[in-house]
Amino acid sequence: MTPTFDIAIIGAGAVGCAIARELARYELNIVLLEANPDVGMGTSKASTAIWHTGFDAKPGSLEARLMRRSYALMDPFMPEAGIPHERLGAILIAWNQEQLDALPALRQKAHENGVLDVEIMSAEEIRRREPHIRPGFLGGLFVPGEGILCTYSVPLACATQAVVNGVVLMTNFRVKEIREERAGYLITSNEDSLHTRWIINAAGLYSDEINRMFGHQVYTVTPRRGQLIVYDKLARPLVNHVLLPVPTAKTKGVLISPTVYGNILLGPTAEDLPDKTATQTTTDGLEMLLGKGREILPQLLDGCARLVPPGDVAALASALRETLEQPEASRAMAAKARARCLENYTMAHVGATLREVIRKVAPGLK
Ligand SMILES: Cc1cc2nc3c(=O)[nH]c(=O)nc-3n(C[C@H](O)[C@H](O)[C@H](O)COP(=O)(O)OP(=O)(O)OC[C@H]3O[C@@H](n4cnc5c(N)ncnc54)[C@H](O)[C@@H]3O)c2cc1C
C-alpha cells in the first residue's frame, strides 16, 4: 500500500535535515526524501565550513535576522550533538588605504547587526597574532565570534535526531513528479510513491525544479561553483584565525581558514555556471586560488612545487616533463621546499606550537 504522511520534506541537506529535526517535536507523520544515498551529499558537504556571526549581512534583512538566530541556536546545539567546532575569530585584512578606510563602516554594520564585539585591529596586533601573513597590511577588522565547524556533521546530527524522534528517512528517492490530489499530493520517484498532505521544498540547487513540478515558474536557481584547496595538516601552524579579505560589493573574496580536522582551506572561487552538476576543479580556478593564497600567506606554496589538477593526466605528464627537462629549477624548488619544512614543520616546531596551544587552554598544566 502507498504510505501516507502529514509532511514530506524534499532534500536532506543542512536545511531539510534541520527542518526535519524541528518538526520531529510535533505529533506529525514526517518523511525526509533524499535523492542521494546519504544525507548532506549536496552543497552541504562542500561548504567552507565557517560558523558565521552574520556581522556583514545587510542590517534589517531576513538574512541578517536568520544568521543571528542560527548562530545563537548552533552555540548550544553543536556541543550537545558532538559537532566539531571552534570559535577561532576572523580577521579581515586591509592591504591598502581604500580597504582600511572601509573598516569603520564594516564595524558599524556589524554593530547594527548586533555583533557588538567586532573591533578594528592594528597592524601590530595582527602581526602578533598572525606572524606568517605577508607584510604590507595596514590593519584589519577582528570578528571574535566567527568560527569553524564540521560541515558534514550538521546535516548528519540533525537527521539522526529527527530519525530517533520518528521521522522516516528515505534515501535514493529522487522526486520525479508531484501530482495534486484531493487531500494533498502524490509524490513519485522512479521506484516508489507516497501520499502527503504538505510538502516542504528544501532541495537546494534543485528547488526551482521542484517548484516547477507544482506548475510554478517563479524562480530559477543559477549555480555558483566554489573550488577550494585543502592543505595538509603540516600547514596548520601557519594560521591562527579565519583570514578574510575586505569584501567588495560583488564577492566576499578568497579566505584562508583552518578546518576542525587540522588542515588549512584556501578558497572558494565564485563561478556562475549553467550546469548544476559541474563540481569539478579546473586549472584556472586552482591557479587563481594559489595566486591569492600566495599574496596573503607566501609560505603556503610559493615556488615549492608544480601543481597539477586532480585526474588531469596530460597536466601531470607535462609537469613531470618540466621537472626532468629543467633539473636546475627542479633542484631549486626541492631545496626551497626542504628549507620550508625545516623552518615550519620539524618536530621541534610542531612541538613548540602544541605547547603554546596547551599553555593557552590549560594554563596551569605543567
Ligand atoms: C563554496 C561554498 C562555500 C560555502 N561556505 C559556507 C560557509 O562557510 N558557511 C555557511 O554557513 N554556508 C556556506 N555555504 C552555503 C551552504 O553550504 C549552503 O547554504 C547550504 O549547504 C545549503 O543547504 P541546503 O540544504 O539548502 O542544500 P543542499 O545541501 O544542496 O541540500 C539539498 C538536497 O536536496 C536533494 N535533492 C535535490 N533535488 C531532489 C529531488 N528531486 N529529490 C530528492 N532530493 C533532492 C539534494 O540531493 C541535496 O542533498 C557555502 C556554499 C558554497 C557553494
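Computation of the quantities below employed the complete heavy-atom set of this structure, encompassing side-chain atoms and omitting hydrogens, waters and symmetry-equivalent molecules. In listed order, ligands and their atoms are each counted from 1. Just so you know, residue 1 is the first one in the sequence shown, and it goes up from there.
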Checklist entry - With distance as the sole test, does N190 use its side chain to make a donor-acceptor pair with the main-chain N or O of D192 at under 3.5 Å? => result no
Next on the checklist: Quick one, Q227 with T281, criterion side-chain hydrogen bond (donor to acceptor under 3.5 Å, both in side chains). Give me CA distance, side-chain angles, the key distance, then yes/no.
Outcome noted: CA-CA 6 Å; Q227 302 182 44; T281 53; 4.8 Å; no
Identify the protein atoms, limited to N or O, that lie within less than 3.5 Å of an N or O atom of ligand 1, and list each pair with its distance to 0.1 Å.
| residue | atom | partner | partner atom | Å |
| --- | --- | --- | --- | --- |
| ligand 1 | 5 (N) | T48 | N | 3.0 |
| ligand 1 | 5 (N) | T48 | OG1 | 3.2 |
| ligand 1 | 8 (O) | A49 | N | 3.3 |
| ligand 1 | 8 (O) | I50 | N | 2.9 |
| ligand 1 | 9 (N) | I50 | O | 3.0 |
| ligand 1 | 21 (O) | S44 | N | 3.4 |
| ligand 1 | 21 (O) | S44 | OG | 2.9 |
| ligand 1 | 23 (O) | S44 | OG | 3.2 |
| ligand 1 | 25 (O) | A14 | N | 3.2 |
| ligand 1 | 25 (O) | V15 | N | 3.0 |
| ligand 1 | 29 (O) | T43 | N | 3.4 |
| ligand 1 | 29 (O) | S44 | N | 2.9 |
| ligand 1 | 29 (O) | S44 | OG | 2.5 |
| ligand 1 | 30 (O) | T43 | N | 3.0 |
| ligand 1 | 30 (O) | T43 | OG1 | 3.3 |
| ligand 1 | 41 (N) | V175 | O | 3.3 |
| ligand 1 | 42 (N) | V175 | N | 2.9 |
| ligand 1 | 44 (N) | A35 | N | 3.1 |
| ligand 1 | 47 (O) | E34 | OE2 | 2.6 |
| ligand 1 | 47 (O) | N36 | ND2 | 3.1 |
| ligand 1 | 49 (O) | E34 | OE1 | 2.7 |
| ligand 1 | 49 (O) | E34 | OE2 | 3.2 |

Checklist entry - Honestly, is R212 close enough over Y219, meaning NZ or CZ under 6.0 Å from the six-membered ring centre and within 45° of the axis? => result no
Checklist entry - Is it the case that K276 places NZ or CZ above or below the six-membered ring of Y206, under 6.0 angstrom from the centre and within 45 degrees of the axis? => result yes
Next on the checklist: Tell me whether R129 forms a cation-pi arrangement with F142, defined as NZ or CZ under 6.0 Å from the six-membered ring centre and within 45 degrees of its axis.
Outcome noted: yes
Checklist entry - Restricting to pairs with a member in residues 41-66, which pass salt bridge (charged side-chain N to carboxylate O under 4.0 Å, His left out), not counting sequence neighbours? => result D56-K252
